[in-house]
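Notes to accompany the following structure.
Residue numbers run from 1 in the order of the sequence given.
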Amino acid sequence: MKPLYYAHGHATGGRTGEGASDDGRVSVQLSTPKELGGDSGPGTNPEQLFSIGYSACFLGAMKFVASKEKVALPPTTKVSADIGIGPRDDGTGFGITAALTISAPGVAKPVLEDLVQKAHIVCPYSNAIHKTVDVKLTVV
């Protein structure tokens, strides 16, 4: 599928909480091409809200799994979600792709990859979109 347009959202933070702060709480941000926001501004289209929600949900799932596995995630841990919407290659209508990029500086890549796979299982967004959205997970 080649998306006609996309939205990008990301969440950062090593501890629980909401909003942006200097004490390690979760920060959720959104950036989109100007044509997506239209006159209503960013965060008004479903794909924009989906990108924010998925990145924040996945980060929360990672923190949950990390606490169970006794792995310390740094406050700079980041999950970025790129959501694309476009026609399916097989001509059966439109489809949605979700590309999540996960980074946790200082955490060994095999450990982080294990956390990501386990977080994918417990993340409510991942479960809700199973078989309807093509999801790709990348650990950097």
Nearest heavy-atom neighbours spanning Ala72 and Val107: O-CG2, 4.0 Å
Considering only distance and modelled atom types, tabulate donor-acceptor pairs under 3.5 Å from the side chains of residues 111-118, sequence neighbours left out.
| residue | atom | partner | partner atom | Å |
| --- | --- | --- | --- | --- |
| Asp114 | OD2 | Lys118 | NZ | 3.0 |
| Lys118 | NZ | Glu69 | OE1 | 3.4 |
| Lys118 | NZ | Glu69 | OE2 | 3.1 |

For residues 124-135, tabulate all N or O donor-acceptor pairs below 3.5 Å that involve a side-chain atom, not counting sequence neighbours.
| residue | atom | partner | partner atom | Å |
| --- | --- | --- | --- | --- |
| Ser126 | OG | Tyr54 | OH | 2.9 |
| Ser126 | OG | His120 | ND1 | 3.2 |
| Asn127 | ND2 | Ile121 | O | 3.2 |
| Asn127 | ND2 | Cys123 | O | 3.2 |
| Thr132 | OG1 | Ile129 | O | 2.8 |

When rounded to the nearest 0.5 Å, the distance separating CZ of Phe50 from CD1 of Ile83 is 4.5 Å
How close do Val79 and Met62 get, heavy atom to heavy atom, and via which atoms? CG2-SD, 4.2 Å
Evaluate the side-chain proximity of Thr97 to Lys136: yes if any heavy-atom separation is below 4.5 Å, no if none is. no
Between OG of Ser51 and CG of Asp82, what distance do you get to the nearest 0.5 Å? 8.0 Å
